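Each remark here refers to the structure printed beneath this line.
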There are 2 protein chains.
Amino acid sequence: MALRHAVLAALLDGEYSGYQLAKAFDIGVANFWYALPQQLYAELTKLEKDGLVAGRQVVQETRPNKRLFHVTDAGRAELESFAAAASKPSFIRDDLLVKVQAADRIGTGPVIGQLEERACAADAKIELLGALLRQLRGEADEEDFLLRGERIGPYLTCLRGLAFEREHRDWCRRIAAVLRERQKINADG
Amino acid sequence: MALRHAVLAALLDGEYSGYQLAKAFDIGVANFWYALPQQLYAELTKLEKDGLVAGRQVVQETRPNKRLFHVTDAGRAELESFAAAASKPSFIRDDLLVKVQAADRIGTGPVIGQLEERACAADAKIELLGALLRQLRGEADEEDFLLRGERIGPYLTCLRGLAFEREHRDWCRRIAAVLRERQKINADG
DNA sequence: ACTGACTACTCACTTTTTTGAGTACCGACG
DNA sequence: CGTCGGTACTCAAAAAAGTGAGTAGTCAGT
């Protein structure tokens, strides 16, 4: 069980509908998990059945009704025991790395293109995360916020996301440059 | 299909048995994919059925016989079209990040412990990857090897792995320090 | 002689993740 | 008046990943 705990952790910040959760998973939460809306709805249904979250119907006039969920005491307990249990080691699982591994044995052209696209996507995400961090810490400077802020969990995971995206971008650009340089050498030689 | 291409890419370096592949997945390949031996055996069977790899039986005296696999032309073509297709965006998917997200709402003790364990594990992996990189590039210095080495794919993915582990270690140590500091402040105040 | 580790794999199963296709109603734009 | 984008969700199914248990022989150490 995995998405389960990501949903619970995301729901700690307040009440969310499945739809809102899906939005959140597109930005902040996406630093540590990713899921399509359908998965979130399914997971919320299961969590409710297991009593870890509770939902209430909100009737809306001009829009479809929605269900807002919050974590129950049982849900909080579940998170506690999850946090106490050992974590699986983390690793990158990325199509693009597989392609780079094979790059010098197959065509490098498309791979270079994708590395550059990725670098640009990372740039965009870096800006997004930077804005999110500024918003989360408000007026305070980072050091102060980290020591005295009340809700730092999302801030800490965003920091990880930011570092990851920066590394990823730099690596993509470096590798793209190397592969281009090698193309040139091979063309000349 | 995913593990499929990781296996094909790993097999580009020569002939491997399922068992050897499982070893490789524990170190180098683990930078971009991870799988248990059972999964690899199953994947090799499927790849052979689809004609993307071919195996030959090697009879051994003092050990069980083994089957060595290599990528076929069809397999190489499959990798080409995989490389040409769009990649899914990469992201971290890590239990520990979920725990940190929730850390200030649940007990921080176990999370701090796990952050420190992770940092140590990352240290070990950093050394391992460093050794692997030195071995791969041999006598040459890095810049030279990257431009003129013949097989740089695995080197490039190891570089990514190394950067990832360094970032991960630093983040773990920093977050552990922050959470400890906050514990102290709460105990005092 | 027993134990534990290493090579080399297989089978059966469950869980998790991903994908695709719908439903339905509102409001804005042209 | 039609269609596009946003809110809010559901159902069904396939694919991928992960888990547990087992087989069977070799070799080194106690």
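Just so you know, these numbers use all the heavy atoms, side chains as well, and skip hydrogens, waters and symmetry mates. Please read these numbers as outputs of a predicted model, since none were measured by experiment. Reminder, nothing fancy here: chain letters follow the sequence lines and each chain counts from 1.
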Rounded to whole angstroms, how far apart are [atom1] on [X] and [atom2] on [N]?
X	N	atom1	atom2	result
Glu48(A)	dC9(D)	CD	C1'	14 Å
Glu61(A)	dT7(D)	CD	P	18 Å
Leu44(A)	dA8(D)	CG	P	14 Å
Leu3(A)	dA17(D)	CG	P	17 Å
Phe69(B)	dA8(C)	CZ	P	13 Å
Leu68(B)	dT7(C)	CG	P	15 Å
Asn65(A)	dT7(D)	CG	C1'	11 Å
His5(B)	dA17(D)	NE2	P	11 Å

- request: Quickly, which of Leu132(B), Leu128(B), Ile126(B), Thr157(B) forms a side-chain contact (heavy atoms from CB on, under 4.5 Å) with Leu162(B)? Name it, please.
  value: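 That would be Ile126(B).
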field: Sole residue of Leu47(B), Thr45(B), Leu40(B) in side-chain contact (heavy atoms from CB on, under 4.5 Å) with Glu43(B)
entry: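 Testing Glu43(B) for a side-chain contact (heavy atoms from CB on, under 4.5 Å) against Leu47(B), Thr45(B), Leu40(B) leaves exactly one candidate, Leu47(B).
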message: Heavy atoms within less than 4.0 Å of DNA chain D: which residues of residues 35-43 of chain B have one? Give them sorted by number.
response: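 Per residue number, the list reads Leu36(B), Gln38(B), Gln39(B).
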query: Under 4.0 Å between a Lys/Arg side-chain N and an Asp/Glu carboxylate O for Asp50(A) and Arg4(A)?
result: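 Salt bridge between Asp50(A) and Arg4(A), a charged N being under 4.0 Å from a carboxylate O: yes.
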Taking 4.0 Å as the cut-off, does a side-chain nitrogen or oxygen of [X] come that near to OP1 or OP2 on [N]?
X	N	answer
Lys23(B)	dC6(C)	no
Arg93(B)	dT16(C)	no
Thr62(A)	dC25(C)	no
Ser17(B)	dC9(C)	yes

message: I need the Arg118(B) CZ to Asp95(B) CG distance, nearest 0.5 Å.
response: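 The CG atom of Asp95(B) is 7.5 Å from CZ of Arg118(B), to the nearest 0.5 Å.
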- prompt: Is it the case that one hydrophobic cluster holds both Leu146(B) and Ile106(A), taking links as side-chain heavy atoms less than 4.5 Å apart, direct or via other members?
  reply: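 Yes, Leu146(B) and Ile106(A) fall within the same hydrophobic cluster.
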task: For Arg4(B), report the nucleic acid contact type (base, sugar-phosphate, nothing); a contact means any heavy atom under 4.0 Å.
output: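 If one applies the 4.0 Å heavy-atom cut-off, Arg4(B) turns out to touch nothing in the nucleic acid.
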- prompt: Reckon Lys88(B) touches a base, only the sugar-phosphate, or nothing at all at heavy-atom distances under 4.0 Å?
  reply: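 Contact class for Lys88(B): sugar-phosphate only.
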- request: Describe, in one word, how the ring planes of Tyr34(A) and Phe91(B) are oriented to each other, choosing from parallel (under 30°), tilted (30 to 60°) and perpendicular (over 60°).
  value: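 Geometry flag for Phe91(B) against Tyr34(A): tilted rings.
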- prompt: Among the nucleotides dA24(C), dA17(D), dT7(C), which one has an atom lying closest to any side-chain atom of Pro64(B)?
  reply: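 For Pro64(B), the side-chain atoms sit closest to dT7(C).
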query: Quick one: on DNA chain C, does Trp33(A) or Tyr19(B) contact a more 5' nucleotide (nearest heavy atom)?
result: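 Per heavy-atom nearest nucleotide, the more 5' residue is Tyr19(B).
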- prompt: Is there a donor-acceptor contact under 3.5 Å from the side chain of Arg182(B) to the main chain of Gly149(A)?
  reply: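 Yes; at least one donor-acceptor contact below 3.5 Å.
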